[in-house]
Amino acid sequence: MSTAKRDTYTPETLLSVAVQVFIERGYDGTSMEHLSRAAGISKSSIYHHVAGKEELLRRAVSRALDGLFEILDEEHARVGSAAGRLEYVVRRMVEVLMAELPYVTLLLRVRGNTGTERWALERRREFDHRVAALLKDAAAEGDVRADVEVRLATRLVFGMINSIVEWYRPDGRDGRDGTGEREVVDAVARLVFGGLRKAS
């Protein structure tokens, strides 16, 4: 991993480096010494900006969570049929995941071992419930099939979307044939709603 130079060090640089180290080593396996070495700054410089590694974790997962919750406040997520709003939310979830890939990756790997991790898991559950409610409303309106239980359908949709963090690399390092963000968004929407929409 490349390290940040002292003369370009900022709190945002530190956060970016910390996220990469947390992903590579696991949050529990990361020490302040690891963060100091990766960022190319002293531990005291890190403590000048944050109380410790848990604050970095909270800032990182907050960035991912804020991006997801902001989707639910967007006009197309609030206005129109439940199925239309659900499709909009699913598309935007994929876009946020790809735009904030390292932060969402870290969010998906927290296990609840610290107060911050438990808080993040609770916020994720809240987001999941709100999306599940949209799916339930779409089923009640008759726009999506009712023969698949809502909680199961929600888990399957989230499973497909969340799996993107395991293979998508915006710089193409994964050997893909140049699949772009729009293609991924469209493919997820086609697969999800091809399976969810009620047969005409």
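Note that the coordinates shown come from a computational prediction; the quantities given were computed from them, not determined experimentally. By convention here, the first residue in the shown sequence is residue 1.
Between the CG atom of N113 and the CZ atom of R118 there is a distance of 8.0 Å, given to the nearest 0.5 Å. Note that CZ of R190 and CD of E183 are 9.0 Å apart. Values are rounded to the nearest 0.5 Å. Rounding to the nearest 0.5 Å gives a distance of 6.5 Å between OG of S36 and CD1 of I41. Between atom OG1 of residue T105 and atom CD of residue Q20 there is a gap of 8.5 Å, rounded to the nearest 0.5 Å. Atom-to-atom distance recorded for I161:CD1 and L156:CG is 11.0 Å, nearest 0.5 angstrom.
With contacts defined as side-chain heavy-atom distances shorter than 4.5 Å, the pair F127/L65 does not qualify. Residues V110 and L57 are in side-chain contact: their nearest non-hydrogen atoms beyond the backbone lie under 4.5 Å apart. For the pair V89 and M93, the minimum side-chain heavy-atom distance is below 4.5 Å. Taking the side chain as every heavy atom from C-beta outward, W119 and S62 approach each other to under 4.5 Å. Taking 4.5 Å as the limit, every side-chain heavy atom of V157 sits out of range of all side-chain heavy atoms of V188. Contact of the T10 side chain with the L15 side chain is not registered, since no non-hydrogen atoms from C-beta on lie closer than 4.5 Å. With contacts defined as side-chain heavy-atom distances shorter than 4.5 Å, the pair V185/M98 qualifies.
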Test log, rule side-chain contact (heavy atoms from CB on, under 4.5 Å), inputs L35 and F22: CA-CA 9 Å; L35 295 175; F22 291 156; 4.2 Å; yes
R124 vs L108, side-chain contact (heavy atoms from CB on, under 4.5 Å): CA-CA, chis, key distance, verdict: CA-CA 9 Å; R124 270 183 61 194; L108 295 175; 3.8 Å; yes
Verdict with supporting geometry, L107 and L68, side-chain contact (heavy atoms from CB on, under 4.5 Å): CA-CA 11 Å; L107 173 64; L68 292 170; 4.2 Å; yes
side-chain contact (heavy atoms from CB on, under 4.5 Å) evaluation trace for L101 with L97: CA-CA 5 Å; L101 188 64; L97 183 147; 3.8 Å; yes
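In this structure, Y88 and H76 have tilted ring planes: the angle between them lies in the 30° to 60° band.
For R151, the CZ atom is loosely surrounded, since the number of other residues' heavy atoms within 6.0 Å does not exceed 12.
Salt-bridge annotation for E95 and R182: present, with a side-chain N of the basic residue lying under 4.0 Å from a carboxylate O of the acidic one. Between R91 and D186, at least one side-chain nitrogen of the basic residue sits less than 4.0 Å from a carboxylate oxygen of the acidic one, meeting the salt-bridge criterion. Under 4.0 Å is where a charged nitrogen must lie from a carboxylate oxygen, and between E12 and R63 at least one such pair does. A salt bridge is defined here as a Lys NZ or Arg NE, NH1 or NH2 lying under 4.0 Å from an Asp or Glu carboxylate O, and E33 with K43 meets this definition. Salt bridge present: R123 and E126 bring a charged side-chain N and a carboxylate O closer than 4.0 Å.
Put simply, the side chain of T154 gets close to the backbone of V150: a donor and an acceptor are under 3.5 Å apart. In this structure, R85 contributes its side chain and G80 its backbone to a donor-acceptor pair below 3.5 Å. Panel note: side chain E100, backbone G67; no donor-acceptor pair is recorded below 3.5 Å. Between the R58 side chain and the T116 main chain, no donor and acceptor come within less than 3.5 Å of each other. E55 places no side-chain N or O within donor-acceptor distance of the main-chain N or O of V50, the cut-off being under 3.5 Å. With hydrogens and angles ignored, the 3.5 Å screen pairs no side-chain donor or acceptor of R25 with any backbone N or O of T30.
Side-chain contact check for T13 and S16: no donor-acceptor pair (N or O, by modelled atom type) lies under 3.5 Å. For the residue pair H34 / S31, a side-chain donor-acceptor distance below 3.5 Å is found, with atom types taken as modelled. For the residue pair S44/S42, the side-chain donor-acceptor check at 3.5 Å is satisfied.
Seen from the ring of Y27, R109 does not count as a face-on cation partner, given the 6.0 Å and 45° thresholds.
Heavy-atom minimum distance, A82 versus A138: CB-N, 3.4 Å. Closest of all the heavy-atom pairs between A153 and V148 is CB-CG1, 3.9 Å.
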